[in-house]
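Sequence positions, counted from 1, serve as the residue numbers for this chain. What you see is a predicted model; the values in this text were computed from it and never measured.
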Amino acid sequence: MECRLGCGACCIAPSISSPIPGMPEGKKAGERCIQLDENNLCKLFGKPERPKVCGLFKPCPDVCGHTQQEAITLITELEQLT
Ligand code: SF4
Ligand code: SF4
């Protein structure tokens, strides 16, 4: 599947342990990434400062669901398994 531009669920729901510019400790689950703009697009997309882990995350229906809310729910559930 293609990423739903403007979704941003994977930049909110999961915890990210690697440093993000502006968030040196990474981010907690459910915390909005500081680099996510008002249109839910990554301000660092295509830039070398974007954390590697973000580029490795690939959209897939099991994680992204059909809507942003579904993705938030699915990713939050997956977080709790780890
Ligand atoms: S959760 Fe999936 S659809 Fe939403 S922004 Fe992330 S990769 Fe794209
Ligand atoms: S750096 Fe960009 S892709 Fe990574 S979590 Fe933040 S907004 Fe999302």
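Under a hydrophobic-cluster definition in which Ile, Leu, Val, Met, Phe, Trp and Tyr are linked whenever side-chain heavy atoms come within less than 4.5 Å, directly or via other members, I16 and L78 are assigned to different clusters. Taking hydrophobic clusters as Ile, Leu, Val, Met, Phe, Trp and Tyr residues chained together by side-chain heavy-atom distances below 4.5 Å, L36 does not share a cluster with F45. Under a hydrophobic clustering in which Ile, Leu, Val, Met, Phe, Trp and Tyr are joined whenever their side-chain heavy atoms come within less than 4.5 Å, directly or via other members, F57 and L81 fall into the same cluster.
The minimum heavy-atom distance linking C10 with P14 is given by the pair O-CG, 3.2 Å. P59 approaches C3 most closely through the heavy-atom pair CG-N, 3.6 Å. What you find for R32 and K27 is that their closest heavy atoms are C-CD, 4.5 Å. Here the closest non-hydrogen pair linking T76 and I72 is OG1-O, 2.6 Å. Scanning both residues, L44 and E49, for their nearest heavy atoms gives CD1-O, 3.9 Å. What you find for P51 and I20 is that their closest heavy atoms are CG-CG1, 3.8 Å.
The side chain to side chain donor-acceptor pair (under 3.5 Å) analysis of residues 3-20, with sequence neighbours excluded, yields the pairs S15-E79.
Other residues, nucleotides and ligands place more than 12 heavy atoms under 6.0 Å from the NZ atom of K43.
With hydrogens and angles disregarded, no donor-acceptor distance shorter than 3.5 Å links the side chain of N39 to the backbone of L41. Checked by atom type and distance alone, the side chain of E70 pairs as donor or acceptor with a backbone atom of H66 at under 3.5 Å.
The shortest side-chain heavy-atom distance between M1 and C64 falls under the 4.5 Å cut-off. Two residues are said to be in side-chain contact when any heavy atoms from C-beta on lie closer than 4.5 Å; I12 and Q68 meet this criterion. D62 has its side chain out of reach of L74: every pair of non-hydrogen atoms, C-beta onward, lies at least 4.5 Å apart. Between R50 and Q35 the shortest side-chain heavy-atom distance does not fall below 4.5 Å.
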